[in-house]
Structures are given as structure tokens and as C-alpha cells.
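Remember, predicted model here, so these are calculated numbers, not experimental data. Quick note on labels: first sequence line is chain A, next is B, and so on, each numbered from 1.
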Amino acid sequence: MGERAESLHGWEVTPQEAVALQNALRERLVLQPPAGLRVSHVAGADISTETGNVLGYGGFVVLDAVSLRPVEHAGAAVALSFPYVPGLLSFRELPVLLAAWNRMVQKPDLVIFDGQGIAHPRRFGIACHGGLLLGVPSIGCAKSLLVGKVGPLGEARGETAEIHHRGEVVGMAVRTRRGVSPVYVSPGHLMDLPTAVEWVLRVSPRYREPETTRHAHRFVNALRTAG
DNA sequence: GCGACAG
DNA sequence: ATCTTGTCGC
């Protein structure tokens, strides 16, 4: 029997230990999609928190990859034990997302996270960490940049501009809608940059953010509101 | 030492 | 991320 991805490491860690884990786990990343990758279901992941409350409500919404219609959602509420620290977001959000993942029946072929993939100071954003632990192809699609610089970006939908950081191309700014700020796309695990950009555009036919993210965001907010 | 800083 | 009213634009 192989080890379970979820048990690669514990979550009771200090920020310093978290950084060491990122540097070690980074070596296991595969920045290439599996040969013949077929995506029939794509999921969005997100969490919702409340000021003055330790509980985090997280979940996934699985969409049919063609119609972009939801086919399943799964959520969980878990106490957030790690603070928000730029660069260590996955240690705050993944515990609740893993709990939600275990409740999901129709596991997706691809997950799009709300945050960075390798466009990260140590090339190990939440999409990398999540994809690795779940053993699923993943993409990071963030609303703002954590690291790196982007050059001029065309106005039309579909235009892209590289994200450069320390001499490397770590992602792409992608205009998903004309006249609106771009989103920042980078590969997570079992993924490359061209495929990541292709999928983000495919699941963002109308609005700035992917339908996966929009559905996940609404779902976890409803979870929190409901208690 | 001084800024920057996903969600 | 969350807290919050109105306001500008298609």
C-alpha cells in the first residue's frame, strides 16, 4: 500500500517549519500534465472566514467541464490553527479543504485554487501544495500578485503577459474579460503553464474569475452564513 | 534597514 | 479573507 497523500505531514507546525516543508515538498512537484489528460470534471476550492471566529468554512464545487454546470459540492468547517502569513497560505486553508475533499463522491480531474501555484517565493503556493496532497492536477488562479512583475498586457480577452520572478517565468497574467484587471495563473501540480492558461480561459467565459472559483466562493459563504 | 505581502 | 453605503457604469 502506498502512503496516503493526506498524511505526508502534520499541520501543527511553526512558520519556520512550514517554510522547511515547502522547500522539501517542492521537489515532488510534477510541472507537466499527465499524458493524455482528460478532464471531464473540474473543481473550484475556497474558504470563508468570519472576523472574531476561529472556524473556517471550506469546500469544493465540481463542475461538468463542458457545460460548466455544478454536479456536486462538498464542504467542511474546521478550526483554523495557522494564521494568515503571506507565502504560507496553504497551511491555513488546506486542513479544512482536505476535510471537505474526503466528503466528496465525484472527485474532479482538475482543481483550480484561489491563490498561487509556482508564482510563489519558494515555488510552492497553495495550488502546488493542494495538488500534491490530493494527487490531482491543479492550477493556481489568483486575483493579485504575491511575487514577480508583469509587463504590458493587451486589452482583449485572452491576452496574456508573463509573470517574471528572479529570472524565471513563473506564471501568466491572463485577461479573462475585456476592460477588467487580469487574473494571475500559474501551474500547481501535474500541470504546465500553457495548459493552465488554456483551462482558466475555458472556465472563465464571461466573468473575470473562473466559474469554478465563483461557485466555490458562493458555496462556502453560504456555509458560513448558515452556521 | 526598508518595502512588499495570495487569502 | 471580512467589515460596510453608496455610487458609477453598462
Atom pair distance, as rounded to whole Å: [atom1] in [X] and [atom2] in [N]:
{"X": "Y184(A)", "N": "dC5(B)", "atom1": "OH", "atom2": "P", "value": "11 Å"}
{"X": "Q116(A)", "N": "dG7(B)", "atom1": "CD", "atom2": "P", "value": "7 Å"}
{"X": "H129(A)", "N": "dG7(B)", "atom1": "NE2", "atom2": "C1'", "value": "16 Å"}
{"X": "I139(A)", "N": "dA6(B)", "atom1": "CD1", "atom2": "C1'", "value": "16 Å"}
{"X": "L94(A)", "N": "dA6(B)", "atom1": "CG", "atom2": "P", "value": "17 Å"}
{"X": "I47(A)", "N": "dA6(B)", "atom1": "CD1", "atom2": "P", "value": "15 Å"}
{"X": "F91(A)", "N": "dG7(B)", "atom1": "CZ", "atom2": "P", "value": "18 Å"}
{"X": "H165(A)", "N": "dC5(B)", "atom1": "NE2", "atom2": "P", "value": "12 Å"}

Less than 4.0 angstrom between a side-chain N/O of [X] and OP1 or OP2 of [N], yes or no?
{"X": "S144(A)", "N": "dC5(B)", "value": "no"}
{"X": "Y84(A)", "N": "dA6(B)", "value": "yes"}
{"X": "K143(A)", "N": "dG7(B)", "value": "yes"}

TODO: Report the distance from atom CZ of R69(A) to atom CD of E211(A), rounding to the nearest 0.5 Å.
DONE: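 Reported to 0.5 Å precision, the distance equals 9.5 Å.
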Open item on the list: Could you check whether W11(A) and F82(A) have their ring centres less than 6.0 Å apart?
Closed with: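 No, they do not, as the ring centres are separated by 6.0 Å or more.
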Open item on the list: Quick check: H129(A) with H9(A) (ring centres under 6.0 Å apart)?
Closed with: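 So the answer is yes for these two rings.
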TODO: Could you provide the dot-bracket string of DNA chain C, using ( ) for intrastrand pairs, [ ] for crossing pairs and | for bases paired to another strand, with Watson-Crick or G-U pairs below 3.5 Å?
DONE: ..........
Open item on the list: If you apply the rule side-chain hydrogen bond (donor to acceptor under 3.5 Å, both in side chains), what do you find for N221(A) with R218(A), and how did you get there?
Closed with: CA-CA 5 Å; N221(A) 259 313; R218(A) 280 183 299 181; over 6 Å; no
Task: T160(A), V183(A), V200(A) screened by side chain to side chain contact (heavy atoms under 4.5 Å, CB included) with M172(A), the one that passes - done: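 The passing option is T160(A).
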TODO: Determine whether the side chains of S40(A) and D109(A) contain a donor N or O and an acceptor N or O closer than 3.5 Å.
DONE: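 Looking only at side-chain atoms, D109(A) and S40(A) do form a donor-acceptor pair, the distance falling under 3.5 Å.
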Open item on the list: As a check on the pairing definition, encode DNA chain B in dot-bracket form, counting Watson-Crick and G-U wobble pairs whose two distances are under 3.5 Å, and using | for partners outside this strand.
Closed with: .......
- [ ] Carefully, step by step, assess D114(A) and T213(A) under the rule side-chain hydrogen bond (donor to acceptor under 3.5 Å, both in side chains).
- [x] CA-CA 7 Å; D114(A) 195 359; T213(A) 304; 5.5 Å; no
Open item on the list: Between R175(A) and E155(A) (salt bridge meaning N to carboxylate O under 4.0 Å), is one present in this structure?
Closed with: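 Looking at E155(A) together with R175(A), the answer is yes, because their closest N to O distance falls below 4.0 Å.
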Task: Pair E168(A) + R123(A): basic N to acidic O under 4.0 Å - done: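 R123(A) and E168(A): salt-bridged.
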TODO: Determine, stepwise, if the pair L201(A) / V174(A) fulfils side-chain contact (heavy atoms from CB on, under 4.5 Å).
DONE: CA-CA 8 Å; L201(A) 280 169; V174(A) 179; 3.8 Å; yes
Open item on the list: Below 4.0 Å from chain A heavy atoms, what is the first contacting nucleotide of DNA chain C and what is the last?
Closed with: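 Span of nucleotides near chain A: dA1(C) to dC3(C).
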Checking all strands, does [X] fall into the base, sugar-phosphate, or nothing category for heavy-atom contacts under 4.0 angstrom?
{"X": "L145(A)", "answer": "sugar-phosphate"}
{"X": "L88(A)", "answer": "base"}
{"X": "N221(A)", "answer": "sugar-phosphate"}
{"X": "G87(A)", "answer": "base"}

Open item on the list: On a heavy-atom basis, which atom in S186(A) and which in L193(A) lie closest, and how many Å separate them?
Closed with: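 Here S186(A) and L193(A) meet closest at CA-CD1, 4.4 Å.
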- [ ] Flag yes if V19(A) and V147(A) sit in one hydrophobic cluster, no otherwise; membership is Ile, Leu, Val, Met, Phe, Trp, Tyr, and two members link when side-chain heavy atoms are under 4.5 Å apart.
- [x]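 No, separate clusters.
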